[in-house]
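Just so we're on the same page: letters track the sequence lines, and every chain starts at 1.
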Protein chains: 2
Amino acid sequence: MARAGLTAERLTQAAADLADEIGFQNVTVSALARGFGVKPAALYSHVKDAQDVRVRVALLALAELADRAAAALAGRAGKDALVAFANVYRDYAKEHPGRYAAMQIELDPETLAASAAVRHSELTRALLRGYELSEPDQTDAIRMLHGLFHGYVNLEKAGGFRHTPREVDASWSRTLDALDSLLRNWPPA
Amino acid sequence: MARAGLTAERLTQAAADLADEIGFQNVTVSALARGFGVKPAALYSHVKDAQDVRVRVALLALAELADRAAAALAGRAGKDALVAFANVYRDYAKEHPGRYAAMQIELDPETLAASAAVRHSELTRALLRGYELSEPDQTDAIRMLHGLFHGYVNLEKAGGFRHTPREVDASWSRTLDALDSLLRNWPPA
DNA sequence: ATGGATTGCTTAATAGGTTTAAGTTAGCTA
DNA sequence: TAGCTAACTTAAACCTATTAAGCAATCCAT
């Protein structure tokens, strides 16, 4: 009766990979157990329940994405930084659709506060250092950028832009131009 | 053996209401059947399967939201129209969280093309008539606005802004100011 | 109005997923 | 090496989804 060597980390990693392959919705305790050649009940020694698995994948994805964003921001400023940062989001969603979907589940406030989501805000704030915005405009701009990246990528993934002929890459690029312009000319209160 | 008078429309409506009450994720064929005092199997005469129910709710929500957006746009132009339009999205998400969540499921291309999603794009295009944008800038701006509304509302709903003290209403208002400014000064290619 | 067909629902059955409790064994630790 | 603990299995209860088969209510035609 060989042991599979399960840990919460290994399970989370496997669940994330599985999500990218078969879709986040289809990641079940049973499917995960099958992947390890183990009975479903075995997972409950390492993980609280199915929701716990989902949350762990979401946290993993948030952390991975924050790492990438931080790397993209290093040594860049202004529009250069904006473009690099924005593309990290878009590329991650394309490369890891399951992980990206996982990031959209609602986390309870404490979990959220302890997650890499906080780092995302900080990074977005760092991005804005290249522009001359003081509070509270800075916070408003952060929220706007964050929301925009999120929503744009989501809509693109859902096929929301497919019914218009124009290339999404071109639109995206122009959107970043527009954002850069807006951040340089943020309207006064 | 009294009949419950089920129809696809009635089921869809009930599913939408149920989604707003208990969350879209928790809308199951069984729960829906319980609400009508009927066995789960009864629903399969009116609806293909569980996914069919979800899609119907999504389409209902898209149509409702498009109706509201159209009403908000009537008789308004420029920033006035922009604000009204944007608030329709935000308010709908708050008022109907389950329906709003339903709108995020991925629809296959044909379903999407036949849905009110197309009307959303048209309405956004109408909104832009108050600003002087020619193609392809117009399409780019539509996508940007659409993505921004979507993403902002989502992040707010998920609590993504809660860790910063500033009021979300104020940020939202200033974001609309910024968008108006951007649309009036769209950067040249 | 009444017979027959259609439709709307129930019953019954299969298949999977989730989760808990109880049992067994592997492998560390004293 | 004896025994403890942690990792897994077995077993069982419960829920959801879905299909097939049956029965009853209503519609329609004569």
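As rounded to whole Å, 17 Å separates atom C1' of dG17(C) from atom CG of Asp52(A). Residue Lys39(B) contributes atom NZ, which lies 17 Å from atom C1' of dA24(D) at whole-angstrom precision. Rounded to an integer number of Å, the gap from OH of Tyr44(A) to P of dA6(D) is 21 Å. dT26(D) atom P lies 14 Å from atom CG of Leu6(B), rounded to whole Å. Residue Asn26(A) contributes atom CG, which lies 15 Å from atom P of dA17(D) at whole-angstrom precision. The CZ-P distance, from Arg54(B) to dT16(D), rounds to 13 Å in whole Å. Computed from coordinates, the Arg3(B) CZ to dA25(D) C1' distance equals 4 Å when rounded to whole Å. Note: CG (Leu43(A)) to P (dA6(D)) measures 18 Å, nearest angstrom.
Taking the six-membered ring wherever Trp is involved, the centroid distance between the rings of His96(B) and Tyr100(B) does not fall below 6.0 Å.
Toward the 5' end of DNA chain C, the nearer of the two residues Thr7(B) and Pro40(A), judged by each one's closest nucleotide, is Thr7(B).
Nearest to the side-chain atoms of Ser30(B) among the listed nucleotides dT16(D), dG8(C), dT18(D) stands dT16(D). Among dT16(D), dT11(C), dC8(D), the nucleotide with an atom closest to any side-chain atom of Thr28(B) is dT16(D). Listed nucleotides: dA26(C), dT19(C), dA24(D). Nearest to the side chain of Asp49(A): dT19(C).
Inspection of the Arg166(B) and Thr139(A) side chains reveals no N or O donor paired with an N or O acceptor under 3.5 Å. With no hydrogens or angles considered, no side-chain donor-acceptor pair links Arg10(B) and Gln13(B) at under 3.5 Å.
Close to dG17(C), at under 4.0 Å from its OP1 or OP2, lies a side-chain N or O of Arg34(A). Dashed line: the shortest gap from a side-chain N or O of His46(A) to OP1 or OP2 of dA6(D) is not under 4.0 Å.
For the pair Tyr92(A)/Val153(A), no side-chain contact is recorded, criterion being any heavy-atom separation below 4.5 Å from C-beta on.
As judged by a 4.0 angstrom heavy-atom cut-off over every strand, Ala41(B) is placed among the base-contacting residues. Counting non-hydrogen atoms under 4.0 angstrom, Ala50(A) reaches the backbone sugars and phosphates but no base. As judged by a 4.0 angstrom heavy-atom cut-off over every strand, Ala31(A) is placed among residues making no nucleic acid contact.
The aromatic rings of Tyr89(A) and His120(A) sit perpendicular, their planes meeting at an angle over 60°, well past the 30° parallel limit.
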